[in-house]
Amino acid sequence: MYTEMIPDIPFIRSTFLRFNDEIFNGDLPTPIFTLTKARTFSGKMCYRIKRVGIIRKAFDFEMRISTVFDFSQEEWEDVVIHEMIHLHIAHKGITDTSSHGDAFRRIMAEINRHHHRHISISGDASDCERKNVDNRIRAHYICIAKFSDGRIGVAPVAKSRIFSLWEGFHNFENVVSVKWIGSIDPWFNRFPRVQKLKLYLTDRETLLPHLKGGVELQRTADRIVPVNRRSYPDELLP
C-alpha cells in the first residue's frame, strides 16, 4: 500500500545510518541533516572543497531534504541513498564526468540491482555542486583515445610527461585510435593530470561540446606544436 509521509530529521538520520552500513560498509561520514521547503529538489548534497597540495578534499557535508513532496517511505529512502552516492563520490575523491556522470550511474545501477532499490536521476547539478566546479582557465595537453567497443577515454597529461607518454597511448589495451589536442576548456579541470598511462572514460556526446576552440597537436622532433589548421570539434575526436 502506498502511504505518503513527511520526512523528519530522526527518519533521515536513521535511514542514513542504516544504508551506510548496508550499502557503503559504514565508510561515509555523517553529514549535517537539514529540512527545507524547496520545490526545485527533493534532496541535495552540499559540501565545500579545500586543496591539500594538488589534491582536492571535500568537507563540511550537508544533506538537505525538502518536505514539500508527497513520497512514500521507500521513495524517501531512495532520495536519501541518492544523496549518499553523491557523498560517497565526493568523500572518496572519485572523478566523474558530470554531477550524474558515469561513476554515479554505475554506483546507482549496482545499488538498484543488489539492494532492490529504485534510485533515479532527475535534473542537473545542484547549486551547491556547481559552486565546487573548478572553472579556472588552464592549458591542457589532452590525449583522446577511442576503444575498440566505441568508448572514449581522455587523459589530460602533465606537461613534463607528454614526450614519454606520447606513443604509449597507442599501445593502451583495446585502444584503436588516438588524437592529442590542446584546450583551455574548464571542463577538463575535473580530471587529475596523469603522469602514467591512464584514461578516464567519457562519451562522445559529453565530450564534444568541450572540444570547441581546441586545437589538434602534433609532435615534431622535440616539440609539441598545433596542427596548422582550424579544427571543428568533431574533427578532434579519434
Side-chain angles (χ1 to χ4, degrees), residues 49 51-58 88-90 92-107 109 124-125 129-130 132-238:
I49 292 290
R51 289 187 173 273
V52 181
I54 62 172
I55 300 173
R56 300 170 77 239
K57 298 285 289 183
H88 170 74
I89 289 173
K92 295 294 186 181
I94 297 171
T95 300
D96 206 353
T97 55
S98 66
S99 175
H100 295 115
D102 296 338
F104 185 97
R105 292 170 186 270
R106 182 178 65 255
I107 296 168
D124 201 349
E129 289 161 342
R130 289 191 185 97
N132 290 314
V133 174
D134 184 353
N135 286 315
R136 291 175 298 167
I137 300 299
R138 302 166 65 191
H140 293 286
Y141 299 89
I142 303 157
C143 176
I144 306 176
K146 182 179 180 180
F147 290 88
S148 57
D149 60 4
R151 292 180 302 165
I152 299 292
V154 298
V157 175
K159 188 176 181 179
S160 62
R161 301 290 292 169
I162 293 175
F163 289 102
S164 60
L165 298 181
W166 186 270
E167 296 298 334
F169 284 106
H170 290 276
N171 301 318
F172 202 95
E173 185 176 3
N174 296 323
V175 165
V176 295
S177 58
V178 164
K179 278 194 177 180
W180 285 81
I181 72 163
S183 175
I184 59 171
D185 191 302
W187 183 80
F188 292 102
N189 295 348
R190 70 191 60 210
F191 302 106
R193 291 186 175 180
V194 305
Q195 301 194 41
K196 57 184 179 180
L197 294 176
K198 181 176 183 179
L199 289 162
Y200 300 100
L201 290 178
T202 182
D203 58 75
R204 187 182 189 278
E205 290 70 26
T206 300
L207 177 61
L208 198 59
H210 304 290
L211 298 181
K212 185 177 181 180
V215 294
E216 185 175 354
L217 301 176
Q218 62 183 349
R219 180 176 178 178
T220 58
D222 60 347
R223 298 179 61 205
I224 305 296
V225 297
V227 173
N228 190 25
R229 65 180 180 84
R230 179 180 177 182
S231 297
Y232 293 99
D234 59 345
E235 295 176 317
L236 297 177
L237 290 170

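Using a distance-only test at 3.5 Å, with no hydrogens or angles considered, a donor-acceptor pair links the side chain of D96 to the main chain of A103. Of the possible donor and acceptor atoms, one in the side chain of T97 sits under 3.5 Å from a partner among the backbone N and O of D102. Using a distance-only test at 3.5 Å, with no hydrogens or angles considered, no donor-acceptor pair links the side chain of K196 to the main chain of L165.
In this structure, the separation between CG on L207 and CG on D234 is 11.5 Å, given to the nearest 0.5 Å. To the nearest 0.5 Å, atoms CD (E173) and OG (S148) are separated by 9.0 Å. To the nearest 0.5 angstrom, I181 atom CD1 is 4.0 Å from I142 atom CD1. Interatomic distance, K146 NZ to R204 CZ, rounded to the nearest 0.5 Å: 9.0 Å. For the atom pair CG (D203) and CG (L208), the distance works out to 10.0 Å, reported to the nearest 0.5 Å. Note: R223 CZ to I162 CD1 = 13.0 Å, rounded to the nearest 0.5 Å.
Between S183 and F188, the shortest heavy-atom contact is OG-CE1, 3.6 Å. Between C143 and L199, the shortest heavy-atom distance links the atoms O-CD2, 4.3 Å. Shortest non-hydrogen contact noted between F163 and A221 is CE2-O, 4.2 Å. Nearest heavy atom pair, residue P238 against residue I144, reads CD-CG2, 3.4 Å. Across all their heavy atoms, L211 and L236 have their closest contact at O-CD1, 3.4 Å. Closest of all the heavy-atom pairs between H100 and R105 is O-NE, 2.8 Å.
Between R161 and V194, the closest side-chain pair of non-hydrogen atoms is not below 4.5 Å. When side chains are defined from C-beta on, V215 does not count as touching V227, because their heavy atoms never get closer than 4.5 Å. Side-chain contact between H170 and V175 is absent, with no heavy atoms from C-beta onward closer than 4.5 Å. Y200 has its side chain out of reach of T202: every pair of non-hydrogen atoms, C-beta onward, lies at least 4.5 Å apart.
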Could you walk me through whether F147 and I152 pass the side-chain contact (heavy atoms from CB on, under 4.5 Å) test, one step at a time?
CA-CA 6 Å; F147 290 88; I152 299 292; over 6 Å; no

Give the intermediate values and the outcome of side-chain contact (heavy atoms from CB on, under 4.5 Å) for residues R193 and V157.
CA-CA 5 Å; R193 291 186 175 180; V157 175; over 6 Å; no

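Ring planes of F169 and F172: parallel class, angle under 30° (limits at 30 and 60°).
For I94, the CD1 atom sits in a packed shell: over 12 heavy atoms of surrounding residues, nucleotides or ligands are nearer than 6.0 Å.
Among residues at least two apart or in separate chains, side-chain hydrogen bond (donor to acceptor under 3.5 Å, both in side chains) pairs with a member in residues 208-220 are D185-H210.
Here H140 pairs with nothing under the ring-ring contact (aromatic ring centres under 6.0 Å, His included) rule; sequence neighbours left out. Applying the side chain to side chain contact (heavy atoms under 4.5 Å, CB included) test to S160 and every residue at least two apart in sequence or in another chain returns A158.
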